Structures are given as C-alpha cells and as structure tokens.
Amino acid sequence: MNPIVHECEVAVIGGGPAGAAVARLLSLWGRDVVLVTAPSDPARNLAVSLPPSVAKLLAEIGLLDAVDAAGFIRSTGNTVWWGDKEPRSRAFAGGTAGYQVRHRDFDRVLLSGAEAAGAKVIRDATVREADVEREPARLTGDVDGVPFEVNAAMVLDASGRQGVVAKDRGLRVEADARTIALVGTWHSDGGWEVPDDSHTLVESFTDGWAWSVPVEPGLRYFTCMLDPRVSDPASGDLGERYVASLKRAACFGRLLHGATMDSDPWGCDASGYHAKSVAGDRFLLVGDAASSIDPLSSFGVKKALGSAWLAAIVSNTVLSDAALAEAARSIFEGHERQVYEAFRRQAAGFFDQVAADEEHAFWTGRAQRHEEFPGEPDIARFRDDPSVLAAFEALKASPSIRLVVTPQTEVIQSAVIGDRKIVLEDHLVTPSVPEGLRFLRGVDVRRVVDLAGEHDQVPDLFESYNQTCPPVPLPDFLGALSVLLAKDVLRNDAMC
Ligand SMILES: Cc1cc2nc3c(=O)[nH]c(=O)nc-3n(C[C@H](O)[C@H](O)[C@H](O)COP(=O)(O)OP(=O)(O)OC[C@H]3O[C@@H](n4cnc5c(N)ncnc54)[C@H](O)[C@@H]3O)c2cc1C
C-alpha cells in the first residue's frame with residue numbers, strides 16, 4: 001500500500017504536553033507543523049499534580065484560559081508524611097493554586113490548542129521510524145494499518161519515555177536508581193480524612209513512597225513508587241503487589257480503610273534518565289524525550305512545557321537563520337542539561353531526609369546523587385565569592401562613587417534567548433569572566449555600565465537604571481554592581 005505523504009517544515013512526534021505546546025507555538029509563529037501522536041491506552045491513565053507556577057508557561061503558550069476552563073480540581077498545597085508519622089500540610093505560597101489533572105484530559109486541552117493554532121494533528125498514528133540523517137528528515141509509520149510518511153526540515157521528538165529518535169540513536173543514559181510506579185484509583189463515598197481534600201498526599205515508607213492525587217469528589221489516584229531491584233518484591237501479581245505496597249504506607253492504609261478500588265491497578269516505568277545530546281542538525285529532543293526527572297518533584301509537565309517553549313524558539317531560529325543554528329542548538333543543550341541536573345539535586349535532597357532514618361537501599365541509593373554541572377554565570381555562584389562580598393562591603397563604605405570601565409573590559413556578541421528567536425546581544429568580558437556577563441538576576445549589566453559614569457551616588461545610579469530599564473529590586477542591583485566591580489568590569493576611582 002502506498003503511504004499517505006505529508007510535507008511540512010516541522011514534524012512533531014507525540015501529542016503530550018511537550019509536543020502539543022511546541023506545535024502550537026510554532027504554528028502561531030507561522031510555521032507549517034504536522035504532529036503525529038500514538039493512541040493512548042485508556043486503562044493506563046495517570047493523574048498528575050501541576051504546581052501553581054505552571055500557569056506562567058501556560059499563559060506563554062496561550063492556553064491558560066483553556067486549562068482554567070477545563071474544570072480541573074485546583075489544589076491549595078500538599079500534605080506529607082515524609083520520614084515522619086505526623087502529617088505536615090503546606091499551602092502554596094501567596095494563596096496560589098495548582099491543578100490536579102488526569103493526564104489524558106490535560107493533553108486533550110493542549111492538543112486542541114495546537115490544532116486551533118493551525119498545526120495538522122494526525123491522531124492514533126504511531127511513528128515506527130525516524131530518519132533524521134537524510135534531508136529532509138522522514139518519519140514513517142501507520143494509522144490503523146495505513147502507512148504514512150512525513151517529510152520535514154526538522155523533527156521534534158516529543159514522544160516522552162518512548163524517545164523515538166533518542167533511542168534509535170543510542171542517546172539515552174539511564175540513571176542509577178530504577179523506579180516503577182504502581183497506579184490505582186480508589187473511591188470513597190464519605191470522602192477522605194485529610195486536612196484539605198484538594199491536596200496532593202505523599203507518604204514515605206520503608207522501601208518506597210506513595211502519592212495520591214484527587215481527580216473528582218471521592219475519587220483519588222494512589223500510586224506507589226518502588227525500586228524493582230531493591231524494594232520488597234511482594235509475591236503475587238501486580239494487583240497484589242500494589243495492595244501490599246500501599247499497606248506498607250501506614251497512613252495511606254488507614255485512609256483507604258472503607259474505600260473501594262475503582263479499576264485494575266497497572267504499572268509503568270518512572271526511572272529518571274537523560275539523553276547524551278538533545279540537539280542535532282535536523283532534530284531536537286523535547287520534554288521527557290530529552291530527560292525524565294523523579295515524579296516526586298511534580299514538575300515533569302512544567303519541565304516539558306519549558307522545554308517545548310525553548311524548542312520552539314530554537315527551531316524557529318534554525319529554520320530562519322543558518323548562521324545562528326549552532327548557537328541555538330548549544331543553548332538548548334545547555335538549558336536541558338541544567339534543568340535536569342537542578343531537579344536531580346532537588347530530589348536527592350528530599351531523599352536524603354528519609355535516608356537519615358531509613359537505612360533501606362531504596363533511600364540510600366537515591367540520596368547523595370548530587371552532580372555539579374558547570375552552568376552559565378549567575379548571581380547564585382557569585383553570592384559566596386569572597387571578591388564579590390569584598391566589593392559589596394567596599395561599595396557600602398564608599399561615600400561616593402566614580403565608576404569607570406576598566407581597559408581590560410571587552411564587549412562581545414553572544415547568543416541569548418530572544419522573543420521567538422535566538423539573537424546576538426552584547427556581553428561584557430574580562431579575564432575574570434571569560435564566558436561574558438549580560439544579565440544578573442534580571443539586571444542588564446550592559447546598561448549599568450553605560451550609566452555608571454554619569455552618577456556619583458549609588459542611589460542615583462539605581463534610580464536612573466530603573467527609569468530606563470524594567471525595574472529591579474535594590475538588593476539585586478547592588479549584587480550585580482558588586483559583581484561588576486569584583487570581576488574588573490568597573491573600577492571605583494572614588495576609593496583611590
Ligand atoms: C508515575 C508518574 C507520576 C508522575 N507525576 C507527575 C506529577 O505529579 N506532575 C508532573 O508534572 N509530572 C508528573 N509525571 C511526569 C509527567 O507525566 C511527564 O514529565 C510529562 O508527561 C512529559 O510530557 P511529554 O509531552 O514530554 O511526554 P508524554 O506526556 O509522555 O507524551 C508523549 C506522547 O508521545 C506519544 N508517542 C509515544 N511514542 C510515539 C510514537 N512512536 N509515535 C507517535 N506518538 C508517540 C505518546 O502517545 C504521548 O502522547 C509523572 C510521571 C510518572 C511516570
């Protein structure tokens with residue numbers, strides 16, 4: 001049978017949060033996009049918690065109103081029994097609210113948003129092969145046995161854990177700790193005895209942890225996370241193992257007393273991994289196709305949306321400006337790796353807390369997995385730098401300023417993330433900061449340097465900066481100024 005052939009600029013594999021978001025953004029920006037997504041198994045639906053901060057990304061993608069209108073439960077915080085028999089409830093900062101969503105329903109809202117923006121969505125279609133070496137790149141697969149082919153200048157692999165492009169190219173690096181999730185839904189006519197029924201509940205136990213997300217009044221998902229290599233392999237089938245694990249979570253066990261299981265439990269892999277490389281000449285790995293973080297963070301979807309937003313900017317650049325393609329890919333590589341390492345460190349910190357009391361290999365294997373990744377300069381790195389602290393103290397002690405740009409300061413053009421594209425912007429370089437400085441905590445240091453010579457008092461310089469740039473708080477401004485002095489971009493001649 002001859003395949004149905006589609007030609008486009010960008011082919012997206014996968015209609016999860018990452019695929020739908022990147023397809024929508026690129027379509028809104030006038031790109032010709034085809035998104036191919038496989039059928040989902042209705043018996044393996046998952047409920048996930050989304051933090052309040054996901055709203056900013058949803059707004060960026062233009063789908064906040066659609067998600068708000070979908071009627072998901074709004075969560076006000078979390079209740080945890082984490083290494084402790086007493087529950088700790090914590091509300092989200094500032095009275096904000098997250099979302100408790102069934103994955104499939106959330107994906108449907110986002111996918112409709114991609115279609116509404118003009119992306120061609122091919123549903124129930126499985127990509128069997130992705131050839132990203134040839135030009136144009138080619139996806140081949142089938143919809144209900146009917147073959148199709150998509151030819152595209154770029155392929156965005158957003159196929160999640162499947163990693164269609166990543167796996168074929170041997171790009172996947174599995175993490176050292178393995179996690180399986182056993183998932184079930186429970187119904188309780190009388191509701192649940194918890195401080196706040198909108199909350200995500202989390203409980204650690206001897207050889208794993210359990211987690212519960214509400215999706216309807218009286219209906220909750222209860223999921224157990226175990227390590228197949230070291231967690232108690234309770235005998236029996238998956239259902240028996242699931243119930244046995246939940247019993248080890250004593251507080252959840254009490255909650256479930258009198259509740260009924262609503263459907264057959266099922267299991268899936270939830271181990272972390274990252275790809276060695278997430279960008280090639282004609283492909284990007286987006287969302288979980290690039291890396292997967294521990295579900296404990298509840299940030300997987302937010303990470304996928306952030307990855308999609310940057311992938312849209314990077315693809316838009318690659319397709320329109322060959323001179324910036326390499327820089328764009330390198331920004332994507334750096335960003336994806338940094339985000340992954342940051343979440344990995346955060347999760348290791350949480351596992352550390354339980355490992356202090358639980359000697360089990362599940363916990364000790366997950367704690368202490370910190371791995372430093374050399375990132376771009378940021379104010380956090382400079383905060384503990386003695387030369388920056390000394391510059392800050394000297395600035396405070398100086399009754400006036402006479403700031404001059406040092407002769408070793410050079411201005412070079414480096415790639416940064418702009419609106420819809422990677423662009424070149426001025427950076428300040430000295431021997432102490434060869435990687436260059438542009439923004440520190442939102443302070444545009446190039447602009448500070450331009451204004452520096454015009455004022456003899458720091459408050460006047462700060463005032464002048466805030467009148468001509470998006471305002472920043474005084475502590476951030478003083479921090480940035482101290483870095484400029486410590487790293488020999490500026491010199492204060494008033495102190496001579
Ligand atoms: C047990 C568990 C609990 C989690 N809890 C949370 C949570 O509370 N909060 C949170 O934010 N995140 C959570 N996550 C993580 C979250 O689900 C993922 O990070 C997120 O879904 C990633 O989005 P994605 O679009 O990259 O990939 P996915 O959501 O996996 O989407 C991939 C898409 O690609 C399609 N696809 C796959 N193969 C093919 C193919 N060959 N051809 C065509 N299409 C294909 C799939 O059908 C799917 O539509 C959890 C994950 C697990 C495993």
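The shown structure was predicted, so the numbers you read here are calculated from the model rather than taken from an experiment. Order of appearance sets the numbers: ligands from 1, and atoms from 1 within every ligand. Residue numbers run from 1 in the order of the sequence given.
Those atoms of ligand 1 that come under 4.0 Å of a heavy atom in L46, given as number and element, are 2 (C), 3 (C), 52 (C). Per-residue contacts place T126 under 4.0 angstrom from the following atoms of ligand 1 (heavy atoms of the residue considered): 41 (N), 42 (N). Atom numbering of ligand 1 starts at 1 in the shown order; those under 4.0 Å from a heavy atom of G287 are 26 (O). Counting the atoms of ligand 1 from 1 in the order shown, those under 4.0 Å from a heavy atom of P295 are 3 (C), 4 (C). Listed by number with element, the atoms of ligand 1 under 4.0 angstrom from any heavy atom of G16 are 25 (O), 31 (O), 33 (C), 49 (O). Listed by number with element, the atoms of ligand 1 under 4.0 Å from a non-hydrogen atom of A125 are 42 (N), 43 (C). Every atom of ligand 1 is numbered from 1 in the order shown, and the set under 4.0 Å from a heavy atom of A304 is 22 (C), 23 (O), 26 (O). Using a 4.0 Å cut-off to heavy atoms of Q162, the atoms of ligand 1 that qualify are 37 (C), 38 (N).
When V127, D41, T37 are ranked by how near their heavy atoms come to atom 42 (N) of ligand 1, first place goes to V127. Among G300, C224, G160, the residue whose heavy atom lies closest to atom 27 (O) of ligand 1 is G160.
Side-chain contact between R74 and Y99 is present, with heavy atoms from C-beta onward closer than 4.5 Å. Looking only at side-chain heavy atoms (C-beta outward), F148 and V5 stay at 4.5 Å or farther from each other. Using a 4.5 Å cut-off on side-chain heavy atoms (C-beta onward), T37 and L111 make contact.
Not less than 6.0 angstrom separates the ring centroid of W211 from the ring centroid of W81.
Salt bridge annotation for D107-R104: absent, with no cationic side-chain nitrogen under 4.0 angstrom from a carboxylate oxygen. Looking at D227 and R366, a side-chain N of the basic residue comes within less than 4.0 Å of a carboxylate O on the acidic one, giving a salt bridge. A salt bridge is defined here as a Lys NZ or Arg NE, NH1 or NH2 lying under 4.0 Å from an Asp or Glu carboxylate O, and E216 with R102 meets this definition. A salt bridge links R337 to E341: one of the charged nitrogens lies within less than 4.0 Å of a carboxylate oxygen.
Of all the heavy atoms in W192 and L219, the pair that sits closest is NE1-N, 4.1 Å. Contact record, R282 with R134: NE-O, 2.9 Å, taken as the closest heavy-atom pair.
Polar contact with ligand 1: present for S49 (N/O pair, distance under 3.5 Å). Remark: ligand 1 and C268 share no N or O pair separated by less than 3.5 Å (distance only, no angle test). Residue D288 has at least one nitrogen or oxygen atom sitting less than 3.5 Å from a nitrogen or oxygen atom of ligand 1, judged on distance alone. Between L50 and ligand 1, no pair of N/O atoms sits closer than 3.5 Å. Not a single N or O atom of M225, backbone or side chain, sits closer than 3.5 Å to an N or O atom of ligand 1. Inclusion of P39 in the set of residues having an N or O under 3.5 Å from an N or O of ligand 1 is not warranted.
Within 6.0 Å of the CD atom in E7, the count of heavy atoms belonging to other residues, nucleotides or ligands exceeds 12. Residue Y221 qualifies as enclosed at atom OH: its count of foreign heavy atoms under 6.0 Å is above 12. The number of heavy-atom neighbours closer than 6.0 Å to CZ of R88, taken from other residues, nucleotides and ligands shown, is above 12.
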Worked check of salt bridge (Lys or Arg N to Asp or Glu O under 4.0 Å) between D321 and K421
CA-CA 9 Å; D321 192 343; K421 278 198 191 144; over 6 Å; no

Pair R220, D197 - check salt bridge (Lys or Arg N to Asp or Glu O under 4.0 Å), show working.
CA-CA 10 Å; R220 275 182 169 268; D197 197 15; 3.1 Å; yes

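The part of V164 lying near ligand 1 is the side chain, judged by heavy-atom distances below 4.0 Å. With a heavy-atom cut-off of 4.0 Å, H103 touches ligand 1 through its side chain alone. The part of A158 lying near ligand 1 is the backbone, judged by heavy-atom distances below 4.0 Å. Contact annotation: for W211 versus ligand 1, heavy atoms closer than 4.0 Å belong to the side chain alone. When non-hydrogen atoms are compared, ligand 1 lies under 4.0 Å from the backbone of A38 as well as from its side chain. With a 4.0 Å cut-off on non-hydrogen atoms, V36 touches ligand 1 through its backbone and not its side chain.
With respect to atom 37 (C) of ligand 1, the closest heavy atom belonging to the protein is S159 O, 3.4 Å. In terms of protein heavy-atom proximity, atom 11 (O) of ligand 1 is closest to V301 N, 2.8 Å. The closest protein non-hydrogen atom to atom 29 (O) of ligand 1 is P17 CD, 3.4 Å. Residue, atom and distance of the protein heavy atom nearest to atom 35 (C) of ligand 1 are G14 CA, 3.6 Å. From the protein, the heavy atom lying nearest to atom 25 (O) of ligand 1 is A18 N, 2.9 Å. Nearest non-hydrogen protein atom to atom 1 (C) of ligand 1 is A181 CB, 3.4 Å. Closest protein heavy atom to atom 53 (C) of ligand 1: A270 CB, 3.9 Å. In this structure, the protein non-hydrogen atom closest to atom 13 (C) of ligand 1 is V48 CG1, 3.7 Å.
In this structure, CH2 on W209 lies 6.0 Å from CG on D294, to the nearest 0.5 angstrom. If you take OH on Y340 and CD1 on I293, they are separated by 9.5 Å, rounding to the nearest 0.5 Å. T140 contributes atom OG1, which lies 8.5 Å from atom CG of D131 (distance to the nearest 0.5 angstrom).
Residue contacts with ligand 1: R128 is excluded, as none of its non-hydrogen atoms falls under 4.0 Å. A heavy-atom separation below 4.0 Å is found between S298 and ligand 1.
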